[in-house]
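The next block holds one structure in the form of structure tokens; read it before the comments.
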Amino acid sequence: MKRMKGTLEKLFDLLYSHFGPQHWWPGETELEIIVGAVLTQNTSWKNVEKAIENLKRAGKMDLNALHLTNESEVAKLIRPSGFFKLKASRLKNIVDFLFRAGGIEALKEKDLHELRETLLRIRGIGPETADSILLYALGKPVFVVDAYTRRILKRIGLIQRENVSYDEIQQLFMKNLPQDVQLYNEYHALFVKLGKTYCTKRTPNCNSCPALSICKYGKEMAYVR
DNA sequence: CTCCAGGGGGCCA
DNA sequence: TGGCCCCATGGA
């Protein structure tokens, strides 16, 4: 992997000037962000919204309430987000952890590296979910890599292989950009925006993309072999 | 009808 | 490690 200081900043500027600030994560509270991070695993955000709305309406978007609610009841409420039994179990795992940790606020004091490792040990919390929680709920400078990120990087030619690891992509950004929470927040959100709008699987070329300069720009260079 | 969506874990070579 | 399969609803 080559060094590419400057390149990623320019890509960010192109995205930001085209789409503007994204005001992420789409959730009102830290708990809601964490819940959303689990529910959106391989699931469209539209379906996640319905599940979150169900939880709110039932008065369950609250750490204590959620902790006291049994798993099958949670499963019933989050049904629209798919994989509902699996996700009810995963939600219970993270909620129990938060409860035992003394609440979300208490987590912010912990060492970032140790906290990430701890989150990754929870069943159902993988790298993307952990990093989403760290960045968007806890305000830690961690770059989130998701399916859109991969697809966009691949399409504009910044990565060439199909099997570039999560950590490899994350390091690409974190080693070449300042460790800035607000920058990482916007960058990932902008990738999702571009991904949802013009870089889906159903739009395999960039011809309809108004941010075409991004594609042309990326294709001139390859950074990850 | 088929394909896809802001993953993660288990299993096997 | 790396590839496959499973989990499941709702929209295109």
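Throughout, a chain's letter reflects where its sequence line sits, starting with A, and its residues are numbered from 1.
Mapping A:Leu120 and A:Trp45 onto DNA chain B via the closest heavy atom, the residue that lands nearer the 5' end is A:Trp45.
Residue A:Glu49 contributes atom CD, which lies 17 Å from atom P of B:dA5 at whole-angstrom precision. In this structure, A:Lys196 atom NZ and B:dC4 atom P are separated by 18 Å, rounded to whole Å. Look at CG on A:Asp167: it is 17 Å from P on B:dG7, rounded to the nearest Å. Remark: P of B:dG9 and OH of A:Tyr166 are 13 Å apart, rounded to the nearest angstrom.
Using a 4.0 Å cut-off on heavy atoms, none of the residues of residues 126-146 of chain A approach DNA chain C.
Considering all non-hydrogen atoms of both residues, A:Tyr166 and A:Val145 come closest at CE1-O, 3.0 Å. Listed here is the closest heavy atom pair of A:Ser72 and A:Asn70: OG-OD1, 3.0 Å. Summarising the geometry of A:Pro80 relative to A:Lys50, their closest heavy-atom pair is CB-CB, 3.8 Å, with the distance given to 0.1 Å.
Ionic pairing of A:Lys193 and A:Glu186 is not present here: no N-O contact between side-chain nitrogen and carboxylate oxygen is shorter than 4.0 angstrom.
Within the 4.0 angstrom heavy-atom criterion, no nucleotide atom of any strand lies near A:Arg150. A:Leu39 comes within 4.0 angstrom of no nucleic acid atom, judged by non-hydrogen atoms across all strands.
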Next item on the list: Would you sort out whether A:Asp131 and A:Lys140 count as a salt bridge (charged side-chain N to carboxylate O under 4.0 Å, His left out), showing the intermediate values?
Entry: CA-CA 9 Å; A:Asp131 290 339; A:Lys140 302 291 185 181; over 6 Å; no
Checklist line | Steps toward side-chain hydrogen bond (donor to acceptor under 3.5 Å, both in side chains) verdict (A:Lys87, A:Thr43) | finding: CA-CA 11 Å; A:Lys87 286 174 179 174; A:Thr43 301; 2.7 Å; yes
Notebook entry, point to check: Would A:Asn54 and A:Arg57 count as a side-chain hydrogen bond (donor to acceptor under 3.5 Å, both in side chains) if you check the C-alpha gap in whole Å, the side-chain angles of each, and the deciding distance to 0.1 Å?
Noted result: CA-CA 5 Å; A:Asn54 287 348; A:Arg57 201 155 25 75; 2.6 Å; yes
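Within a 6.0 Å sphere centred on NZ of A:Lys154, heavy atoms belonging to other residues, nucleotides or ligands number more than 12. Taking a 6.0 Å sphere around CD of A:Glu73, one finds it holds more than 12 heavy atoms contributed by other residues, nucleotides or ligands.
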Check: What string of B, S and - do you get for nucleotides 3-12 of chain C, 5' to 3', when a contact is any protein heavy atom under 4.0 Å?
Finding: S---BBBSBB
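Dashed line: the shortest gap from a side-chain N or O of A:Arg121 to OP1 or OP2 of B:dG9 is not under 4.0 Å.
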